[in-house]
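Here is the structure we will look at.
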Amino acid sequence: MLPATHRPNDPAVPSTEDAHLAEQGSRLLAACIGRGPTARLRVIDGEKDITVPVAALHLLVDILAQMARGNAVTVVPINAELTTQQAADFLNVSRPFLIGLLEQGKVPYRKVGTHRRVRFDDLVKYREVSLADQKAAADELTRQAQELGLGY
């Protein structure tokens with residue numbers, strides 16, 4: 001269970017019991033998801049069916065799977081603006097490294113007073129490009145190693 005002081009934007013850090021329940025729930029929910037654009041749910045305490053997009057159920061399965069692994073989870077709208085520390089945490093880099101990316105123009109940002117704000121969707125785009133570049137570099141190194149007969 002989440003603590004009574006949990007706020008909606010705080011990461012949900014699961015207890016051991018929560019992780020166990022999340023693992024079971026993730027498996028059961030994933031097995032129930034249909035192929036249509038919507039799904040109907042019924043909460044035992046409720047009297048009405050709830051119709052939700054299947055995409056939302058897939059997200060819920062992902063959230064439960066992360067919680068089952070003991071990972072903290074939070075939901076960030078794609079158009080949210082993050083602080084530089086939040087952005088650095090998302091990219092798993094140091095804040096000074098992120099500031100360098102911002103100042104080099106590799107990630108767009110705006111200033112609010114003296115503080116920088118970075119849009120979440122810009123971080124996602126940067127991460128996708130960065131991962132693609134890393135894969136291309138690894139592929140090139142593999143190709144060169146094969147040409148040289150290094151056993152890769």
Side-chain angles (χ1 to χ4, degrees), residues 2-3 6-16 18-41 50-152:
L2 293 175
H6 178 78
R7 295 180 316 209
N9 292 332
D10 287 345
V13 181
S15 66
T16 304
D18 287 343
H20 180 68
L21 290 171
E23 180 180 12
Q24 291 176 335
S26 173
R27 244 184 300 114
L28 292 171
L29 188 57
C32 294
I33 296 176
R35 300 209 185 276
T38 62
R40 288 185 344 177
L41 303 174
I50 304 166
T51 302
V52 298
V54 169
L57 291 181
H58 287 289
L59 287 171
L60 182 55
V61 168
D62 291 345
I63 290 167
L64 290 170
Q66 290 300 320
M67 289 180 72
R69 293 183 193 111
N71 294 329
V73 177
T74 189
V75 175
V76 179
I78 196 73
N79 62 351
E81 286 189 325
L82 306 180
T83 65
T84 52
Q85 186 60 61
Q86 291 168 324
D89 290 345
F90 173 73
L91 293 177
N92 200 28
V93 298
S94 69
R95 187 176 165 278
F97 182 82
L98 176 80
I99 298 298
L101 294 175
L102 300 179
E103 291 176 352
Q104 294 168 24
K106 294 183 178 181
V107 178
Y109 71 96
R110 73 181 187 105
K111 279 204 160 185
V112 178
T114 59
H115 301 282
R116 296 174 183 91
R117 295 291 181 258
V118 183
R119 285 179 48 102
F120 183 67
D121 58 344
D122 289 330
L123 289 172
V124 170
K125 289 175 194 169
Y126 171 80
R127 186 177 66 177
E128 288 171 356
V129 168
S130 179
L131 290 173
D133 289 348
Q134 290 171 18
K135 183 183 180 323
D139 289 347
E140 177 61 18
L141 286 173
T142 301
R143 186 192 64 73
Q144 290 175 3
Q146 287 173 342
E147 281 181 3
L148 296 171
L150 298 176
Y152 291 101

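Keep in mind that what you see is a predicted model, and the values were worked out from it rather than measured. Quick note: numbers below take in every heavy atom, side chains included, and nothing from hydrogens, waters or symmetry partners.
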Whether over 12 other heavy atoms sit under 6.0 Å from Asp133 CG: yes

Spacing of Ile33 atom CD1 and Leu28 atom CG [to the nearest 0.5 Å]: 11.5 Å

Within-4.5 Å side-chain heavy-atom neighbours: Val52 and Ile50: yes

Minimum heavy-atom distance between Ala19 and Pro14, given as atom pair plus value: N-CB, 4.2 Å

Nearest heavy-atom neighbours spanning Leu64 and Gly25: CD1-C, 3.8 Å

Spacing of His115 atom NE2 and Arg117 atom CZ [to the nearest 0.5 Å]: 6.5 Å

All side-chain hydrogen bond (donor to acceptor under 3.5 Å, both in side chains) counterparts of Asn71, not counting sequence neighbours: Gln66

Leu57 vs Val61, side chain to side chain contact (heavy atoms under 4.5 Å, CB included): CA-CA, chis, key distance, verdict: CA-CA 6 Å; Leu57 291 181; Val61 168; 5.5 Å; no

Chi angles and distances behind the side chain to side chain contact (heavy atoms under 4.5 Å, CB included) call for Arg143, Asp139: CA-CA 6 Å; Arg143 186 192 64 73; Asp139 289 347; over 6 Å; no

For Ala68, all residues meeting side-chain contact (heavy atoms from CB on, under 4.5 Å), sequence neighbours excluded: Ala22, Glu23

Exercise: identify the closest heavy-atom pair between Val76 and Phe120: CG1-CG, 3.8 Å

Separation between OH of Tyr126 and CG of Leu91, rounded to the nearest 0.5 Å: 7.0 Å

Set of residues satisfying side-chain contact (heavy atoms from CB on, under 4.5 Å) with respect to Leu102, sequence neighbours excluded: Thr84, Leu98, Ile99, Val107, Tyr109, Arg116, Val118

Euclidean distance, Leu123 CG relative to Glu81 CD, rounded to 0.5 Å: 11.0 Å

Distance in Å, Arg69 CZ paired with Ser26 OG, rounded so as to fall on 0.5 Å steps: 8.0 Å

Validation row: Asp89, Leu82 side chains within 4.5 angstrom (heavy atoms): no

Backbone of Thr83 reached by a side-chain donor or acceptor of Gln86 within 3.5 Å: yes

Separation between OG of Ser130 and NZ of Lys135, rounded to the nearest 0.5 Å: 14.0 Å

